[in-house]
There are 4 protein chains.
Amino acid sequence: MNRPEQPGHLMPIPDMQSQRDERHLAIDQVGIRSIKVPLQFADHDGVAQPTIAMASVVVALAEDRKGTHMSRLVMLLEERMAPGAPPLTVAGMRALLDDLVVRLDAPGGRLELAFPFFVRKIAPVSGIASLLDYDVRLAGELTAGRYSVTVTVAVPVTSLCPCSKEVSDYGAHNQRSNITIAVRPKVSVHVHDLLRIAEEEASCELYGILKRADEKYVTERAYDNPRFVEDVVRGVAGRLAADARFDGFAVEAENFESIHNHSAYARIARGM
Amino acid sequence: MNRPEQPGHLMPIPDMQSQRDERHLAIDQVGIRSIKVPLQFADHDGVAQPTIAMASVVVALAEDRKGTHMSRLVMLLEERMAPGAPPLTVAGMRALLDDLVVRLDAPGGRLELAFPFFVRKIAPVSGIASLLDYDVRLAGELTAGRYSVTVTVAVPVTSLCPCSKEVSDYGAHNQRSNITIAVRPKVSVHVHDLLRIAEEEASCELYGILKRADEKYVTERAYDNPRFVEDVVRGVAGRLAADARFDGFAVEAENFESIHNHSAYARIARGM
Amino acid sequence: MNRPEQPGHLMPIPDMQSQRDERHLAIDQVGIRSIKVPLQFADHDGVAQPTIAMASVVVALAEDRKGTHMSRLVMLLEERMAPGAPPLTVAGMRALLDDLVVRLDAPGGRLELAFPFFVRKIAPVSGIASLLDYDVRLAGELTAGRYSVTVTVAVPVTSLCPCSKEVSDYGAHNQRSNITIAVRPKVSVHVHDLLRIAEEEASCELYGILKRADEKYVTERAYDNPRFVEDVVRGVAGRLAADARFDGFAVEAENFESIHNHSAYARIARGM
Amino acid sequence: MNRPEQPGHLMPIPDMQSQRDERHLAIDQVGIRSIKVPLQFADHDGVAQPTIAMASVVVALAEDRKGTHMSRLVMLLEERMAPGAPPLTVAGMRALLDDLVVRLDAPGGRLELAFPFFVRKIAPVSGIASLLDYDVRLAGELTAGRYSVTVTVAVPVTSLCPCSKEVSDYGAHNQRSNITIAVRPKVSVHVHDLLRIAEEEASCELYGILKRADEKYVTERAYDNPRFVEDVVRGVAGRLAADARFDGFAVEAENFESIHNHSAYARIARGM
């Protein structure tokens, strides 16, 4: 495309967003959402993992300001997540928020990144390695100089029903479940640690590749570890509550029941 | 809202869609999609069931016509699915298509309705009744006077893995699965018949409410009827192939594996 | 299906959910979610409108109880939303919650219903009637005898960008937007009132059917009423804040920008 | 509870999938779907772009074979898309398919990868660079030695309604639209070429970052280039039909109408 003649070289283009607003209503959040961005994320092993995030970036807006400058929000993502930039870490969310409120001259801001994160897992008997994907969400907030971050992981697992096992002469219904853990860490925390807590409290964890000997193992392990959805959230909550790294947490479990067309669900939150 | 002064009382508003197009390219389908409409649907028992359909209505457009009249397509849905209108049946799709091509003066047309359909089921031991929802899609097509309809049902069921049962000392992984059956009926067919075929070929069918005695029953029944995804599509395909009511069919099964974070999938199609 | 021989006629089937739990962790919410149910809903005109809800029903669980009885939650939905039952209203959520905590002998409970709701609208010039669908969510909560309900509506509208209009010699980019209003009413409130507030604060409201004279009207009306996403939430928030019927509210606007592949977004909440 | 009879604790673990099936029904497709995999994809510039694909891998199964070996399908993805592996190209799909049918000893196979693809675009006036994301799908098929590949791109654009412009004294409704192009290339083709064809036939293309001078430009450009959904598919189809690189194509356009809560839609397919 040929660029059109430069407009506005005689008259400046008006900047409506910088005008005054007279309605005396501050806005809690204004910005952009549902924007996809490439991202390099590094967790416990320090290795930069390329992924794709769905991002939301918003700022608070004082009552006398008509609007925010949306393009600056996209520019922040462009610059901080460019191929050359250092990989993002949970700890690195703070610097993004500091940058955000300065660029937008805003009393507060919020940045949320949701992305798939892969872990190479080892099948329990054959030892074959394969990737498993988890959904991770980082949400940082800076309000009046006070910073907080919430790290959320969604962990797919196997759950096996204790009641079905108990009442049946053989077999027990089981299914894929989702365990969601959200934490407010005092110190920095690794996504990988949260994944492990969820997997250890399930009837069994999942793998990308399982050979027949592995399939025997995970089948029997799930049967040996039946868990109600209530057991799963209590198991995870007990561990998070006893962990000094967290100011608050919420744990949810959703079983995509194999005997119903609906889910069983439970939730425990403390300090969130 | 006050109505504005009537426009166009001196000059007619131009009708661009009726103008000629000179690019000599007929359009296969043009119309509306992703429109929600209330619907009354009647199946095997003749009872009108209120539901909500996501609709798509399109017509073919000759090469010399610039555009179609979108508002007439919405009007067709409004009139034929109004509260007073007789309930839609599979057989009734034909009349909708005839109406469509006449109203739009079109060489052909296509109407698709996707909606949840509820069946009251009886728990196998306790006898307690509860509803189960199924996704149904009716797609009718009329081209050059030739009419066809495709009826598609998505049936949630339990599948239990034969390999897991065989190799394990106890237990067997199982999960919710989706069996999708699409048929081109020669004569009219009931959605309910297709649901039953899918449910009978699964390891076990689902229910909204199960008491403990029922849970024992469905657990053991699934264990007694292990089915690979391959077995499910072969079981359904064998029955559909032998059924003189159908010109063609496609059957798919997707197991939301309880030991993986991905699905197992199989498909057999004949004459589609 | 033939019913199997009645099990448990010699020995009772064990009831694991009623056993004691020794982990001393109360559960905030446990129950079912993602269950589809047919629903009759009545709003300002008192007319029962059939629709389909996605439901979630949970109760709080004391620390000494091992589990809840999931089937009772489904049974509540079955009985209260059966074809013969009176239509649900916003005010009627209270009785459902009372019933819930009694049936489950629970210290608290929560019921959420999300469903499409249709309004017959009149095109602004031609006067042609057509339906428009809105997403409604009712969430009732009863904790320690204290009841609250949140009514949420998502209203699709047109937004036209003031900046684009101001800087351009002609035209202005516009797009479909979603305005979401959530309120905590002190007294009962009608969904329809909330829809109207959102529509009146947009650049223009939407219709299912528009003839050419109507299209001229809505095009010019949107051009005459440009609104930033900030303007929309301030316009709605100003009205809700001044309305004595509400204890608290949250308003969000999301513009599916026609010039970007992301959304502009704003939010104001008070007392939520 | 009685455990079922112990299988095979002294004997090797049975391989059920390799057993014979006696139902005489070949299976068109059997394998895995909905599996997320990291992927490096290279297009016209030869640069490996990291992305994340949703994959489906299936094979045909002869009528005498009971089942396929699902874990081998995951292994193929693991090995061919490992960090060290050369980036995937459209041309490289062929080698993946050859590998697939050999590993599974199958009469045919199909591999589908759907992933976001980013292009750095230059704002039309300010010259500022920003990324835009597009959805790409590669589907390769090998049946009885005959190979074909389908490349599909979904391109978000602006569409401005010619009728609205014509009938209105000022303004014109416009919205985000999706143009989907699927082609069967004779020779290898670049995704980037297909994106450009779609963008050039829209009222205007999209950008991640637009400054005010750019916003003026895209607003006026869209107003100067009104296109019905019919115009868009005819514009794209005319170009694809005249392009010797393609054996067949399908083009769809969906306008997320800013004046309705539904979409306008059109489709032209030739040789697909």
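Protein chains get the first letters and strands the later ones, always in sequence-line order, with residue 1 at the start of each. Quantities reported herein were computed from a predicted structural model and do not represent experimental measurements.
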Is it true that a side-chain atom of His260(C) and a backbone atom of Tyr207(D) form a donor plus acceptor pair closer than 3.5 Å? yes

How about CZ on Arg33(D), more than 12 heavy atoms from neighbouring residues, nucleotides or ligands closer than 6.0 Å, or not? yes

Anything in residues 165-182 of chain C with a heavy-atom distance to chain D below 4.5 Å? Please list those residues in order. Val167(C), Ser168(C), Asp169(C), Tyr170(C), Gly171(C), Ala172(C), His173(C), Asn174(C), Gln175(C), Arg176(C)

Most contacts with chain D, counted as non-hydrogen pairs under 4.5 angstrom, among Leu132(C), Asp133(C), Ile209(C): Asp133(C)

What's the spacing between Glu205(D) CD and Asn261(C) CG if we round to 0.5 Å? 12.5 Å

Out of the candidates Lys216(C), Glu215(C), Glu220(C), only one should pair with Ser164(D) under the side-chain contact (heavy atoms from CB on, under 4.5 Å) rule; please name it. Glu215(C)

Within residues 153-161 of chain C, contacts to chain D at heavy-atom distances under 4.5 Å involve Pro156(C), Val157(C), Thr158(C), Cys161(C)

Output for pair (Glu257(C) CD, Leu210(D) CG), nearest 0.5 Å, gives 9.5 Å

